[in-house]
Every structure is written in structure tokens, then in C-alpha cells.
Amino acid sequence: MHILICNHSSIPVFAYGGTERVIWDLGRKLHEKGHQISFLVPEGSTCPFAKVIPLNPDQDLRQQIPPDVDLVHFQFNPGADFECDKPWLMTQHGNADIDEVLPVNTVFVSENHATRHGAQSFIYNGLDWQAYGPADLHNERTHFHFLGKAMWRVKNVQGAIDVSKKAHVPLVVMGGTRLNIKRGFRFTWSRSVQFLGMVGGETKFNTLRHSRGLIFPVRWHEPFGLAVIESMYFGCPVFATPYGALPEIVTPECGVLSNQLSTLTEAVRHPKFDLQACHARAVDFFNADRMTDDYVAAYQKVMAGEVLNATTPIMTQTATKLDWLNHA
């Protein structure tokens, strides 16, 4: 099968993790399983296992699809009324806007994510854990960490800082800076909180190898939570809010879910979790091979003329400003 994967972001830009790493791993695993892969992505991208076609934003998408392609997999919404002469589907990676209509053949990244869009089709993200190196579960654990785009208020980095301060534990923030004007001028005074900014590669992995856990009190419905499975791979239990996909990913042996500062603070102060159980859940349930096999099954359905959702998906509820009870 010749599969064309279309994305608005360049490849490879997976140093920080995120959606691009998932797309890269999907393409490579499809290639390893015998499929021909092409990427339609912005100019400047490179890939050793797939043909790269520069995406021209000013040209009709239909005209940029090679004639020998069997199926097109969009990583963005080409439009609910988009039509072409090839079977196609899309993956919705984020939360759609209220009343945004999505194509009927949309795949979501968790069951909760699908349900909130009135849909049924979902495939969990998976990562190629070999690229992360050894987890080193017996390393000395010196700190807790936050991993995410701290400038996004819904990620609630301030909540993570509050938990760490009340629990009297050091916190390393990956994905933000001490001074953040974009969030309405926030300056973090505490020296027990270290900010690494946007980091990836070995710097990120080494920080995770020495972490006692992820503090992640998000205030939105997390579509999936790549930061969560990356942390679990390195044996880090998760202390988070129970929103979006998080209850699907974080089982009781792998962390605590609560929207109360006091509950998460107590759990962080006395973490009692099996690092091996956290690692095993990430490796066994959220790996790139499993994700790829699930996508191949979806591809086959679409090529057979089946639809992935019973009705056209549409977001009908807000995903933000969820409760965070900031009192001890």
C-alpha cells in the first residue's frame, strides 16, 4: 500500500516530542511493515525511509497528491467537505473549536477525545521507545518535573509549582521559562523550581531518568498526553487532574488523579509507586507498533468504503477552564 501522510509541520522536528514524533514513528513503522510511504510536508523536510514532497500552501491539495497513492492520511483538517479521488482519513490531534465540523473519517487519539466530538473512532498514540534509550529505573531520583507548553494556561504550570512548593520538593519545568510575559507577566521567584525552557533529546531524557514523578494538573480535557507516556516510560508516576484522556492512561498503580491541590500535594510528598509498573504500561500499551497496526486496520476500512464514525464529528463542549481547587 502506498500511503501519503500530509502534515503542516516539517519533518524531522521530533527533538521535543509532540505530534511530529508520533507522525515520524508512524511513517517509519509503516515502512518497516512493507508499505510505501510519502510525506507531503513543508519544504526543507528530509526523511531516509520515505519520499518527501514539498507542500505548497497556495496550491489545491488535490493537485499535490501523486497518482500512484492508495490512501491519504491527513494530520490536519482538510475540510469536512473535502473530496478527492483517493480514499482518505484524518487524525485529530487536538481539541477542535466549538461547533467545528470534522470529516466523518476522523480518528481521535483517545476514547474521551472521540466521545467529546460525538465520535467513536480512536487510536491511542504510540512511540518508538527504542529511540528513548534505556529507562534506567534504578537511577537516583532527585526531583519532580513538569513537561508541556507552559505558556498555555490550560497546562497549569502554576498549579504544578504550587504542588511542589507545598510538598517541599524540587521541580524541574521543561517547556517554560521563569519569566513569562505571554501569560500576563508571571515571574517565578522560588529557587526550588528550575526552568530548562524548550529542551529535547538527551537533556530531556536525562531529566526524566532522574525524576521522581510528573506533576501535571492540566485545566483542560487533555486529548491524549504524550508528556504522560514519556514520563511513565522512564518510571515516573503521574500526579495529575482527571481530565480528558488521563484516566485512560494513568491507572491507579501509575499515579494519582485529582483536581485538588491538597490531594496531589500529599501524593507527591509520599509517592508509593512501582517504577517498573509505570514503565511497563507505557511500553506495552502505548508503543508505535500497536498504534501502526491499529491505523492499518483503519486504512483497510476506509479503502473498503466503510466510514469510521456513525455521524459527522463536531465539538459541542468546551475543553478549558476546568476546576483546579487551589487550596490546602
Side-chain angles (χ1 to χ4, degrees), residues 1-11 18-20 22-23 26-27 30 35-43 45 50-125 220-221 223-224 244-245 291-292 294-320:
M1 188 188 313
H2 185 183
I3 302 162
L4 178 67
I5 300 177
C6 305
N7 192 34
H8 280 151
S9 298
S10 301
I11 56 167
T19 301
E20 286 74 24
V22 172
I23 296 169
L26 172 62
L30 286 168
H35 300 284
Q36 181 182 349
I37 305 302
S38 295
F39 283 109
L40 180 61
V41 288
E43 191 171 4
S45 303
K51 180 180 180 181
V52 177
I53 304 168
L55 175 65
N56 184 346
D58 299 321
Q59 185 181 6
D60 191 314
L61 274 172
R62 299 169 184 81
Q63 300 174 12
Q64 301 181 64
I65 299 173
D68 62 335
V69 164
D70 297 307
L71 176 137
V72 184
H73 186 173
F74 290 103
Q75 307 297 326
F76 57 85
N77 188 357
D81 57 352
F82 178 82
E83 294 182 2
C84 70
D85 60 359
K86 303 289 184 181
W88 63 276
L89 74 164
M90 68 160 278
T91 297
Q92 176 70 18
H93 291 281
N95 289 310
D97 294 332
I98 293 294
D99 296 331
E100 180 182 352
V101 178
L102 303 176
V104 68
N105 284 338
T106 296
V107 176
F108 298 87
V109 292
S110 68
E111 184 175 11
N112 175 274
H113 192 213
T115 299
R116 288 186 293 103
H117 291 80
Q120 300 79 44
S121 178
F122 70 93
I123 294 174
Y124 289 130
N125 285 326
W220 76 334
H221 286 301
F224 178 74
M291 172 185 68
T292 302
D294 288 345
Y295 271 113
V296 170
Y299 297 161
Q300 291 170 343
K301 287 183 179 181
V302 171
M303 293 185 69
E306 299 180 42
V307 294
L308 299 182
N309 296 293
T311 58
T312 300
I314 182 171
M315 173 63 86
T316 59
Q317 58 178 288
T318 181
T320 60

*asked:* My understanding is that only residues two or more places apart in sequence, or in another chain, count here; which of them pass salt bridge (Lys or Arg N to Asp or Glu O under 4.0 Å) with D81?
replied: none

*Shortest non-hydrogen contact from A245 to P223?*
CB-O, 3.3 Å

*Backbone of L308 reached by a side-chain donor or acceptor of N105 within 3.5 Å*: yes

Validation: residues 294-307 side-chain donor-acceptor distances under 3.5 Å, sequence neighbours left out:
| residue | atom | partner | partner atom | Å |
| --- | --- | --- | --- | --- |
| Y295 | OH | T91 | OG1 | 2.9 |
| Y299 | OH | H73 | ND1 | 2.7 |

*Please report the C-alpha distance between L61 and L40 in whole Å, then the side-chain angles of each, then the deciding distance to 0.1 Å, and finally whether the side chain to side chain contact (heavy atoms under 4.5 Å, CB included) criterion is met.*
CA-CA 10 Å; L61 274 172; L40 180 61; 4.2 Å; yes

_Heavy-atom closest pair, residues G79 and W88_ = O-CH2, 4.0 Å

*For H8, ring-ring contact (aromatic ring centres under 6.0 Å, His included) partners two or more places apart*: F76

_For F108, all residues meeting ring-ring contact (aromatic ring centres under 6.0 Å, His included), sequence neighbours excluded_ = H113, H117

*Could you list all the salt bridge (Lys or Arg N to Asp or Glu O under 4.0 Å) pairs where at least one residue sits in residues 54-67, not counting sequence neighbours?*
D60-R62

*Apply the test side chain to side chain contact (heavy atoms under 4.5 Å, CB included) to residues N7 and E20: give CA-CA distance (whole Å), side-chain angles for both, the deciding distance (0.1 Å), then the verdict.*
CA-CA 9 Å; N7 192 34; E20 286 74 24; 4.2 Å; yes

*asked:* Test of understanding: with ring-ring contact (aromatic ring centres under 6.0 Å, His included), list the residues that count as partners of F39, not counting sequence neighbours.
replied: none

_If you count heavy atoms of other groups shown closer than 6.0 angstrom to CD of Q59, is the number above 12?_
yes

*What is the minimum heavy-atom distance between K86 and V69, and which atoms define it?*
NZ-O, 3.0 Å

*asked:* Could you report the tightest heavy-atom contact between S38 and I53, atom names first, then the distance?
replied: CB-CD1, 4.4 Å

*Where do V41 and V52 come nearest, in terms of heavy atoms and distance?*
CG2-CG1, 3.8 Å

*Minimal non-hydrogen separation, G27 against I5, with atom names*: CA-CD1, 4.0 Å

